[in-house]
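Treat the numbers as computed from the prediction; the structure is a model and nothing was measured.
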Amino acid sequence: MATSKRITLQQAAEIIKDGSSLTFSGFTIWRRPFAVVYELIRQRRKGLHLIEVNGGPQTEFLVGAGCVDIWESCWVGHELYGKYGANLSRKVGNKEMIVEDYSHAEMMFRFAAGAAGAPYAVTQTSLGTDIHNPDYDMLGKAGKRDGNRIPQHKYVFTEDPFYGAGSQVLVPAAKVDIAVMCVQQVGEEGTVRVNGQYYSDPEAARAADITIVMAEEIVPEEYLRRNADQNTIPSFEVDYILECPFGAHPTGMFGRHDVDGAFLKDFYGRTRTQDGFDDFAREWIHGHDHMSYLEKLGWSRMLGLKANTALNYSPRTGKGGK
Amino acid sequence: MATSKRITLQQAAEIIKDGSSLTFSGFTIWRRPFAVVYELIRQRRKGLHLIEVNGGPQTEFLVGAGCVDIWESCWVGHELYGKYGANLSRKVGNKEMIVEDYSHAEMMFRFAAGAAGAPYAVTQTSLGTDIHNPDYDMLGKAGKRDGNRIPQHKYVFTEDPFYGAGSQVLVPAAKVDIAVMCVQQVGEEGTVRVNGQYYSDPEAARAADITIVMAEEIVPEEYLRRNADQNTIPSFEVDYILECPFGAHPTGMFGRHDVDGAFLKDFYGRTRTQDGFDDFAREWIHGHDHMSYLEKLGWSRMLGLKANTALNYSPRTGKGGK
Amino acid sequence: MNDYALPEEYGLADLLCCAAAREVQDNEVVFAGTGLPMVAIMLAQETHAPNLKLIFEAGTLDGRPPEIPTSVGDARCEMGASRASGLYDAFSIAQRGCVDLGFLGGAEVDVYGNVNTTVIGDYLNPELRLTGSGGNPDINSFARRTVFIMVHEKRRFVENVSYITSPGWLVKQWPGGDFVHRRELYGSAYRGGPSAVISTAGVFRFDEASGRMYLDTCHPGKTPTEIKEMCQFDLDISRVQGDTAPPTRAELRLIHEVLDPDEIFIPKVKKG
Amino acid sequence: MNDYALPEEYGLADLLCCAAAREVQDNEVVFAGTGLPMVAIMLAQETHAPNLKLIFEAGTLDGRPPEIPTSVGDARCEMGASRASGLYDAFSIAQRGCVDLGFLGGAEVDVYGNVNTTVIGDYLNPELRLTGSGGNPDINSFARRTVFIMVHEKRRFVENVSYITSPGWLVKQWPGGDFVHRRELYGSAYRGGPSAVISTAGVFRFDEASGRMYLDTCHPGKTPTEIKEMCQFDLDISRVQGDTAPPTRAELRLIHEVLDPDEIFIPKVKKG
């Protein structure tokens, strides 16, 4: 009907400019838009400002590649496959980037406020912790609180005037230029259906000014609209779509494939140093496109990750290859 | 597994005491827990405090029957079948009850705050209207703002300190004793699956201290848990369940039956006066139970309302009876 | 397309419906209330705005109902929808600034476009309590443009409404209650305001600077002076552009054969 | 049930897992992080707490995973769940006060139960940046009780943590940073706090009034004096109740044959 929203992987990365603020779909090591992340690294994007409900391998790859100046979030690591974010840790230690710490619920509420068009949210979480320590307002110390995309304050403390519920902390809405989503299905007009947990995807898409959806498959819009109550993000909140099977790898996707734990473990083990990261990037990112990446991974590895359609994950026992 | 949550219609109404604050599932003339509403009228409940995202026939029935002292909401009527709430209008005119007006979005945000455990929500809606007129704080004028279940202020005005977004209005969280829901399916452990629009049901259930779910059918819990991403309210938020087919009548239910417009029109036409209401209640409520009510409605009427399962509503053309 | 119907071929509801449909532009996100606005939007969708996105307050997003819903909570709203959810979604989308146009109604309107749907008479001693606000002020607070469809009676077009349910161009600043331009009050949420009132007499628009209503077009058969007489306030008739364009025969066919064949919202004109 | 295993039949991870499982009461709503806590909760579910409701932070509510998930975002979390949604739901439920018990971890803990998972060394000049808070402070702010499972090293049990990621019983009041009891700060959200630390040396609890940690039980083979030596602060050992109860053979069978047969979180003890 309307103008097509379809773009290529390369075009998706090109929409994200040097200095853009950016957020992603998914949760830690699940449903991260890796094919776009790889393409950003290939295109040598600089000065990104990541605002994430939580970080994960996508953070580590972008940070290791030197694409990121500012990271606002609460957590980074590879879950079972790497207990912290070694690249981020190194860059923070070297003061090569700014980290602004919030709690997980605070990040979630910041996105919920942004998605609802409210300037802030009110919560009682994390009172009394160093997350609220005024000396640790890193964007403030760096003189970046312009009140435009970056709020004038990290926090404001107040009291509840209605029920005497006590101390409250106001957290600023998350305002993001671009959200890049990785989901199971998107329709030709942009309707998204996430299967399984939707994490913070609906809020991320709505809080962002531009939303790019990379899907395992683009499906007929009409198919999704037969069951509107099973859809996750409405058509008009999605600006661009692209189909990219296994675009989440090495992270997992409910109903499609598991996390590639061995890949993440290898990344974690090899990228403690910048030389290690650069070596890993030469092997797996630069000089590749998505198809040659899949070829390099190979059929045996990918079939081992494939989800059983009755279970929605790859059972640990019963795989032919094991 | 655990103690059964099943109760009867009569027990459901008995949980709601004189003076309780109460909210409902649904939207205007859709999915209202009418069987429980009728039972409350039969049990001659008094002094109810209704806090509703929006009102509808259930409000009009309870108000007409003299069950309600306070109504906090934004709208009452019967949509196409009765353009305003004649019973509420009469009682307000006679100063027999207190009405506290908010806007629709404000009511929704009040419930969202209550559901999230926040004492208030921040919004920019309805600025400059008489909804914010300090002279029209009716609970304040009545000396009922105890800061316990009824907040100390109707509103608080403030400014956004983060982005300079300007004037903001803080609206107090909705705190409700009991939510009574009317849905398509509930599992034996309380998991709720709403088909179609869920309106403000998830927030209503979570904001309430006690949640009673009346369903078209109680289904095996295991059936609902096979597709957890299609469920609406989690088990542990539901305290009591009951099965009551057509319990929403005369309001409609997506996928099951349409609104009984003729019934609502008749109610609207006959209950402009208290005598008219009392007469209507004698005919349709007192002396009845749910089965005798259905018998009185009759098969022809109910089959005419039955939803086509492909469409989820009753098509206006093609019904045998017409 | 100059297939305009003759006066005897259409009724007032047809005229209103077509005038409302013409307020919609293609690709817009449109928030619709129950009733005639639904028909108008679906008419626009069938004619010049095939890609408009329809949002219903109860939580259906970008729906394509095959039959006119009887309310925004209707199961019919979900047919062909992109997403069916709830009110939190709908109002968040509105507050986030995603809504271009909203269609609303009212019992009274004043010269600044303030609308009353709450009460006739004094709020504290009401002559008649009406339905209340519903989403009227919410959509009107957040949409870029809003269009009101109203019955035109002199008692309904007043200098100041007795209760501002829905904000016009000049609104009250609390606690004092002095009138200020909505631009001053709404901050980042200021995106526009009432852009038209379509009454049973004519189409009215607003001067954004002064916030006052003026007459834009007269419905066929009405003169500017007659319409001015039908307002309690001093209506500006200096900017009249002529008559409201009548429905085309194609539009009438769509309304009566496709969209509302059962005359739920729009009665057919009796022939002969 | 007095089927306790002999010391050579179980490992430290088994002991921790069983001690953690015993913190759970039936019918409770329990918030679990990734790793050993998941095994502990599932063990409780298989033994004395069949009706506990398990919430994972990423958005699965009342799930019954048949295999141990590798993270709370795992597809495995959703098997048998009452609802699969997202983080807004999970944190709203927590803030609303629906969570009885949370299981958490930490790199450092202090005498007041404040936990650090953010940084080793000075925050502004870190020796080592860790993962950050995750949901640790959020669950710890809102649950009625929280239990921390930690490796016991002297450098980890300190008088004051270098960075309070997650609030203990005495926390900092900003802007000054003076210590106050959490009761004073949390208002209506005050529902309790850390109720136990289960380390690799013993089980510790807190005096709610003073907010200070004391030794409750020693793991078999450890003495109170030895454990006191393993803390930088002056550990109260006056209230010791004896040894931590070892795992039963039935519990060990459940852990290694049913819950974690692949030794993802809990290694099997090598026989002979």
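Highest contact tally toward chain B, considering only A/Gly164, A/Pro119, A/Ala121, A/Gly147, is held by A/Pro119 [criterion: heavy-atom pairs under 4.5 Å]. The most heavy-atom pairs under 4.5 Å with chain A, out of B/Ala118, B/Pro161, B/Ala116, come from B/Pro161.
Listed by first then second residue, pairs satisfying salt bridge (charged side-chain N to carboxylate O under 4.0 Å, His left out) with a partner in residues 113-123 of chain A number zero, not counting sequence neighbours.
Looking at A/Ala173, both its backbone and its side chain come within 4.5 Å of chain B, counting heavy atoms on both sides. Contacts between B/Ala113 and chain A at a heavy-atom distance below 4.5 Å are absent for every atom of the residue. Only the side chain of B/Ala165 has a heavy atom closer than 4.5 Å to any heavy atom of chain A. Interface residue A/Ile150: only backbone heavy atoms are found under 4.5 Å from chain B.
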Give each N or O donor-acceptor pair spanning chain B and chain A at a distance under 3.5 Å, with atom names and distance to 0.1 Å, or state none.
from: B/Gln152; atom 1: N; to: A/Phe162; atom 2: O; distance (Å): 2.8
from: B/Phe162; atom 1: O; to: A/Gln152; atom 2: N; distance (Å): 2.8
from: B/Tyr163; atom 1: OH; to: A/Ala173; atom 2: O; distance (Å): 2.5
from: B/Ala173; atom 1: O; to: A/Tyr163; atom 2: OH; distance (Å): 2.5
from: B/Gly196; atom 1: N; to: A/Asp229; atom 2: OD2; distance (Å): 2.6
from: B/Asp229; atom 1: OD2; to: A/Gly196; atom 2: N; distance (Å): 2.7

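No side-chain heavy atom of B/Val171 sits under 4.5 Å from any side-chain heavy atom of A/Phe162.
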